[in-house]
Amino acid sequence: MMNDMQVLATERKTFEEQDQMPLFEALIQYAQQDVTPFDVPGHKMGAQMNPLKIALGEMTMRMDVNSMKELDLLSHPQSVIKEAQQLAAEAFGADHSYFLVNGTTIGILAMIMATCKPGDTLLVPRNGHRSVMDGLIISGAKPVFIQPEVDHHFGITHGISVENVKNALHEHPEAKALLMTYPTYFGSMSDLQEICRIAHERDVTVIVDSAHGAHLRFMSDDIIDPIAAGADAVTISMHKTGGSLTQSSLLLLKNDKIAPEHIQKVLNMLQTTSANYLLMSSLDMARRELSLYGEERLADLKPIIDEAVREIETGSRYEVLTTQYVQTHFNQSYDWTKLVIRVNDLGLTGFEMYSILKEKYGIQMELAEGYVVMAVITSADTKYSIDKLVFALKDIEKRIGKNTTIRSTYVTANKANELVLSPREAFYAEHESIAIEDAVGRISADSLMIYPPGIPLVIPGELISQDVLQQYDYYCQTLGNVLIEAKEANHITVIKEEA
């Protein structure tokens, strides 16, 4: 065991290493040089005055540059990008880290493609993001969907249970990989340690969509981040809760189930060859901030959130999703930075509350569902911003709240859709567009979803049931918009039937 002096020395060395920003600093240094650019991008480091330069400033334009020797190359990192990625790996407890400039979507596609060949079985939670469904199409993997835990009280879904994972692994011993969402969009976290253990016993690779979990490693609660839980590959959206610029993410590797050179090869197929240096340098910066100050900032914020939850619920008809509730009812842990507030006891839908908060109080929530609204809390929040939300909620109840409760059987899916064809087979089959009211009993070639969170009501290859149609009608009436790929309104693309 290390003595106190050795521990302090190790901590000092870690701090000094994580205090570095090799890519960010190299980019700043280059932008400050007297360079005459004859390379792309065509704005030539903001040489011309235009509305974009006026809005963003000269330094931003000078930092938007192309790959070159002193700034390294994302597809084959050798210097400052390689160093920045290694620092990120160390910060998150991983063996390898990869910068993503096309969002977590690219990381999810890459993880699926790196673990599954066409025809391989992939175990997937049905409340996965649309990018997971797209990954099934691109890879040709055969999905086996695992049903999540449905919460009819809050009108949302949580993570998948250990028992359901065990059953899926038992029924599908051929499975090559298991994809987990951790945390879910609403903050629930399955027992990932146990799930990784039983999956690895069967030589199944565990890949994790942790888009909303960039901060988990830096929480002082009893929350375990996916790498520490034993996941083999994890993709996190640093831009969501980690402080980097929108569209920048990280892919992390741990253990030896996925070869680092293989994941790099897959990423090179998927990512742009013109990687944005503003995005990459923001990853380098955000990693430093999280590593050095994330735990302290989140710890300072926790009592503020706890007090806000008490204020929201005291003497009101609001109910806030809590760790105790999720543990008691679903045996899962919970990420308190997802402030999920049930509003339907005020006679308002989550969609109505979302609009009122934005239009009347200037508060932009992350999302709405039938019964709830959700605020994403990060270390950038303050008591002032949280108090503003608490005041608005109290004021809305007093001014607008009704003495009724809204209930609907269509807030969450009544049952799982039947998968008739693989998503890839459905994607490449012959299609036709029909009125959605005539689509019951047909095989979808389309995805229906609301965004956020981007979880489809139906995906290519699934049978369109009456339940799907009723859910579609519910969201159209309450939300007013459902994302659909068919060109005509209220139409859906389906597999063409033989005459």
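Note that the numbering runs from 1 along the sequence shown for the chain.
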Distance-only side-chain donor-acceptor flag, [X] / [Y], under 3.5 Å:
{"X": "Asp335", "Y": "Thr337", "result": "yes"}
{"X": "His491", "Y": "Ser433", "result": "no"}
{"X": "Gln264", "Y": "Asn268", "result": "yes"}
{"X": "His153", "Y": "Glu319", "result": "yes"}
{"X": "Ser444", "Y": "Glu462", "result": "no"}
{"X": "Tyr325", "Y": "Asp151", "result": "yes"}
{"X": "Asp225", "Y": "Tyr182", "result": "no"}
{"X": "Gln324", "Y": "Tyr334", "result": "no"}

[X] side chain to [Y] backbone, donor-acceptor under 3.5 Å:
{"X": "Ser385", "Y": "Asp381", "answer": "no"}
{"X": "Ser190", "Y": "Leu192", "answer": "no"}
{"X": "His170", "Y": "Lys166", "answer": "no"}
{"X": "Arg424", "Y": "Ile138", "answer": "yes"}
{"X": "Gln247", "Y": "Val101", "answer": "yes"}
{"X": "His129", "Y": "Asp209", "answer": "no"}
{"X": "Ser237", "Y": "Lys240", "answer": "no"}

(message) For the residue pair Arg407 and Tyr371, would you count it as a cation-pi contact if the rule is NZ or CZ under 6.0 angstrom from the ring centre and within 45 degrees of the ring axis?
(response)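 Judged by the rule, Arg407 and Tyr371 form a cation-pi pair.
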
(request) Using the ring of Phe145 (Phe, Tyr or Trp, six-membered ring only), decide whether Arg126 places NZ or CZ under 6.0 Å from its centre and within 45 degrees of its axis. (result) yes

Taking the side chain as every heavy atom from C-beta outward, state whether [X] and [Y] have any pair of such atoms under 4.5 Å apart.
{"X": "Ser188", "Y": "Pro183", "answer": "no"}
{"X": "Ile443", "Y": "Ile464", "answer": "no"}
{"X": "Thr378", "Y": "Arg297", "answer": "no"}
{"X": "Gln332", "Y": "Gln327", "answer": "no"}
{"X": "His239", "Y": "Leu245", "answer": "no"}
{"X": "Val124", "Y": "Ile146", "answer": "no"}
{"X": "His158", "Y": "Leu321", "answer": "yes"}
{"X": "Met374", "Y": "Val372", "answer": "no"}

Quick test of your reading of the model: are [X] and [Y] salt-bridged, counting only N-O distances below 4.0 Å?
{"X": "Glu432", "Y": "Arg442", "result": "yes"}
{"X": "Glu366", "Y": "Lys338", "result": "no"}
{"X": "Asp232", "Y": "Lys257", "result": "no"}
{"X": "Arg342", "Y": "Glu313", "result": "no"}
{"X": "Asp120", "Y": "Lys117", "result": "yes"}
{"X": "Glu307", "Y": "Arg310", "result": "yes"}

Give, for atom [atom1] of [X] and atom [atom2] of [Y], the distance between the pair rounded to the nearest 0.5 Å.
{"X": "Leu109", "Y": "Gln271", "atom1": "CG", "atom2": "CD", "result": "10.5 Å"}
{"X": "Met280", "Y": "Ser244", "atom1": "CE", "atom2": "OG", "result": "12.5 Å"}
{"X": "Ser408", "Y": "Gln477", "atom1": "OG", "atom2": "CD", "result": "9.0 Å"}
{"X": "Asp306", "Y": "Ile304", "atom1": "CG", "atom2": "CD1", "result": "10.0 Å"}

Could you check whether atom [atom1] of [X] has more than 12 heavy atoms from other residues, nucleotides or ligands sitting under 6.0 Å from it?
{"X": "Lys496", "atom1": "NZ", "answer": "no"}
{"X": "Glu430", "atom1": "CD", "answer": "no"}
{"X": "Tyr474", "atom1": "OH", "answer": "yes"}
{"X": "Asn331", "atom1": "CG", "answer": "no"}
{"X": "Lys254", "atom1": "NZ", "answer": "yes"}

(request) Examine Phe186 together with Phe154 and report whether their ring centres are nearer than 6.0 Å. (result)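 Between Phe154 and Phe186, which both carry aromatic rings, the centre distance is not below 6.0 Å.
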
(request) Give the intermediate values and the outcome of side chain to side chain donor-acceptor pair (under 3.5 Å) for residues Tyr318 and Asn344. (result) CA-CA 8 Å; Tyr318 293 112; Asn344 59 309; over 6 Å; no

(request) Describe, in one word, how the ring planes of Tyr475 and Phe351 are oriented to each other, choosing from parallel (under 30°), tilted (30 to 60°) and perpendicular (over 60°). (result)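 Tyr475 vs Phe351 ring planes: perpendicular.
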
(message) In terms of relative ring orientation, are Phe218 and Phe92 parallel, tilted or perpendicular, with 30° and 60° separating the classes?
(response) perpendicular

Nearest heavy-atom pair of [X] and [Y]: which atoms, and what distance?
{"X": "Met449", "Y": "Pro456", "result": "CB-CA, 3.6 Å"}
{"X": "Leu251", "Y": "Leu253", "result": "CD2-CD2, 4.1 Å"}
{"X": "Ile258", "Y": "Ala114", "result": "CG2-CB, 4.2 Å"}
{"X": "Leu298", "Y": "His215", "result": "CD1-O, 4.0 Å"}
{"X": "Ala429", "Y": "Ile495", "result": "CB-CD1, 3.8 Å"}
{"X": "Ala392", "Y": "Ile363", "result": "CB-CD1, 3.7 Å"}

